[in-house]
J.: 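Mind having a look at this structure? Questions to follow.
The figures here come from the full heavy-atom set of this structure, side chains too, leaving out hydrogens, waters and symmetry mates. Both counts, for ligands and for their atoms, begin at 1 and track the order of listing.
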Amino acid sequence: MYTVKKAFDIGHKEATLILLKNQKGIELQLLNYGAAIVDILIPDHEGCIESVVLSYENIEDYIKNPTYFGVTVGRTSGRIAGASFQLDGKLYSLGKNFGPNHGHGGPNGFSFQLWDYQVEEVGNQTKVIFTYLSKDMEENYPGNLHIKVTYTLTEENEIFIEYEGKTDRKTLCNLTNHTYFNLSGNYKRKINEQYLRMEADGFLPLDANQIPTGEIAHVEGTPMDFRVLKSIGKDIGTDDEQMIMAKGYDHPWILQGCENQIEILDKESGRKMTVTTTYPCVVVYTHNYPNDEKLKHGKLGRAHDGICFETQYEPDGIHHGHFHSAILDAGETYYERTTLKFSIV
Ligand code: G6D
């Protein structure tokens with residue numbers, strides 16, 4: 001079941017909150033500004049239903065949202081080196097909003113746009129379908145790009161996120177979701193004491209501007225090794241050069257093509273989230289640059305109080321021939337899907 005309510009005015013339009021709930025009490029709260037996840041409420045092993053994602057106290061804070069809480073990111077995710085790329089010999093210059101680079105689709109990327117939405121109840125599933133037309137040369141990207149992002153809440157405590165796109169001209173498209181998870185419940189503990197496993201043998205080292213160098217490094221013997229369940233805090237503070245440079249985890253991992261590639265577990269509450277994705281890569285980010293965000297439950301944003309699993313193609317792939325380029329051509333269909341499954345252990 002679902003309800004909708006006004007979130008805030010944006011120009012002459014209204015942003016809308018869409019609140020979904022399944023029979024087991026799981027709640028998914030969505031916002032059509034940024035096609036964002038505003039909250040996810042999940043029971044612990046005692047049935048206490050609490051928030052497992054970082055959310056602003058004031059819904060209007062999603063208008064600026066420099067931390068990208070919960071939003072859909074696009075046209076591209078992550079950084080584009082030098083804020084430019086070439087397609088068919090033509091140079092496209094992009095906004096420089098991440099230092100010398102372009103980041104997360106630019107200052108007026110999809111995270112800061114009002115999307116259309118519709119709700120469909122299909123059997124025992126509720127779907128929220130967000131659509132947005134990114135017009136030709138919006139943020140200096142070529143092509144009229146029709147985007148659809150569908151969130152589905154099931155009775156099996158899964159959230160499906162489906163990304164679809166079509167363009168009338170060759171362009172770049174690399175969509176993700178930027179939700180910060182913390183399974184302790186209302187962020188009562190940092191993520192450091194939560195455990196993570198990832199089916200990933202390789203990660204992408206970053207340069208000083210946090211652009212992938214192009215190397216695919218093996219995780220063996222590095223803080224990036226989560227092939228066996230490990231607490232997130234175990235290696236986050238080590239003097240590893242990648243950890244120091246990024247102030248924590250802020251890196252892409254190359255995922256195995258299997259089910260349940262990512263698992264995060266909070267032993268005290270018994271909450272577990274398992275992620276399965278069709279994307280080849282995930283950027284894991286541990287909220288290393290907090291902005292004193294005013295969060296729900298009387299909290300302020302602090303480093304390492306949330307963790308993002310930004311499933312996507314390799315960032316800056318257009319500049320690395322051996323990465324997925326994120327090029328979408330006219331006549332092609334962009335389709336990728338990420339599943340979040342919640343359970344109690
Ligand atoms: C910082 O480097 C990080 C990004 O990965 C993150 O997405 C952003 O903050 C919100 O720029």
Side-chain angles (χ1 to χ4, degrees), residues 31 33-38 53-56 61-83 94-113 139 161 163 174-182 187 191 196 198 200 203-213 223-224 232 236 240-254 262 275 279 281-295 300-317 323 326 338:
L31 175 67
Y33 185 80
I37 294 176
V38 166
V53 303
L54 302 189
S55 309
Y56 287 113
D61 285 351
Y62 283 91
I63 294 174
K64 290 194 181 308
N65 195 3
T67 316
Y68 290 81
F69 280 142
V71 292
T72 294
V73 177
R75 287 196 190 191
T76 58
S77 300
R79 292 165 170 82
I80 301 262
L94 304 172
K96 290 186 179 179
N97 58 324
F98 276 40
N101 302 309
H102 172 82
H104 288 348
N108 298 301
F110 295 176
S111 310
F112 308 111
Q113 300 294 343
E139 283 293 324
I161 309 175
Y163 302 96
N174 185 12
L175 308 175
T176 194
N177 177 272
H178 206 290
T179 295
Y180 293 69
F181 296 93
N182 181 326
Y187 349 129
I191 57 170
L196 178 63
M198 286 201 290
F203 77 97
L204 306 184
L206 305 174
D207 67 15
N209 281 322
Q210 295 190 263
I211 298 285
T213 62
M224 309 303 181
I232 295 166
I236 203 166
D240 174 276
E241 62 163 4
Q242 287 289 319
M243 303 304 288
I244 291 172
M245 183 271 292
K247 301 180 190 304
Y249 293 106
D250 193 3
H251 297 80
W253 273 258
I254 304 304
I262 301 167
V275 181
Y279 276 118
C281 172
V282 62
V283 169
V284 177
Y285 174 54
T286 49
H287 198 199
N288 309 332
Y289 304 95
N291 281 303
D292 272 349
E293 301 90 351
K294 195 167 183 303
L295 305 179
L300 289 177
R302 288 287 180 270
H304 309 165
D305 58 5
I307 185 168
C308 302
F309 300 106
E310 302 161 48
T311 54
Q312 60 191 266
Y313 302 125
E314 299 89 331
D316 201 38
F323 292 169
T338 295

J.: Could you list which atoms of ligand 1 come closer than 4.0 Å to a heavy atom of His104?
T.: 6 (C), 7 (O)

J.: Using a 4.0 Å cut-off to any heavy atom of His178, which atoms of ligand 1 qualify?
T.: 6 (C), 7 (O), 10 (C)

J.: Considering all heavy atoms of both residues, which atom of Pro315 and which atom of Val283 are nearest to each other, and what is their separation?
T.: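 Minimum heavy-atom separation between Pro315 and Val283: CG-CG2, 3.8 Å.
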
J.: Quick one: do the Gln210 and Asp250 side chains pair a donor with an acceptor below 3.5 Å?
T.: yes

J.: Just let me know how Tyr180 lines up against ligand 1, side chain, backbone, both or neither, with a heavy-atom cut-off below 4.0 Å.
T.: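 Answer for Tyr180: side chain.
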
J.: If I compare all heavy atoms of Pro212 with all of Phe323, which pair ends up nearest, and what's the gap?
T.: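 So the minimum-distance heavy-atom pair works out to CB-CE1, 4.1 Å.
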
J.: Considering only non-hydrogen protein atoms, determine which one is nearest to atom 5 (O) of ligand 1 and report residue, atom name and distance to 0.1 Å.
T.: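 That would be Asp250 OD1, 2.7 Å.
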
J.: State, to 0.1 Å, how close Tyr33 and Ser111 come at their nearest heavy-atom pair, and which atoms those are.
T.: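 Looking at all heavy atoms of both residues, the closest pair is CE2-O, 4.0 Å.
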
J.: Could you walk me through whether Leu54 and His287 pass the side-chain contact (heavy atoms from CB on, under 4.5 Å) test, one step at a time?
T.: CA-CA 10 Å; Leu54 302 189; His287 198 199; 3.9 Å; yes

J.: So if I count the atoms of ligand 1 from 1 in the order they appear, which ones are less than 4.0 Å from some heavy atom of Thr67?
T.: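 So the answer, numbered in order with elements, is 10 (C).
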
J.: Give me the nearest non-hydrogen protein atom to atom 9 (O) of ligand 1 as residue plus atom name, then the distance to 0.1 Å.
T.: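 Minimum-distance protein heavy atom for atom 9 (O) of ligand 1 reads Tyr285 OH, 3.5 Å.
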
J.: Which residue owns the protein heavy atom closest to atom 11 (O) of ligand 1, what's the atom, and how far is it?
T.: Arg79 NH2, 3.1 Å

J.: Heavy-atom distances under 4.0 Å are what count here, so tell me which part of Asn288 touches ligand 1: side chain, backbone, both or neither.
T.: neither

J.: Have a look at ligand 1 and work out which part of His287, if any, has a heavy atom under 4.0 Å from it: side chain, backbone, both or neither.
T.: neither

J.: Please determine whether side-chain contact (heavy atoms from CB on, under 4.5 Å) holds for the pair His104 and His178, giving the CA-CA distance in whole Å, both sets of side-chain angles, and the decisive distance to 0.1 Å.
T.: CA-CA 10 Å; His104 288 348; His178 206 290; 3.5 Å; yes

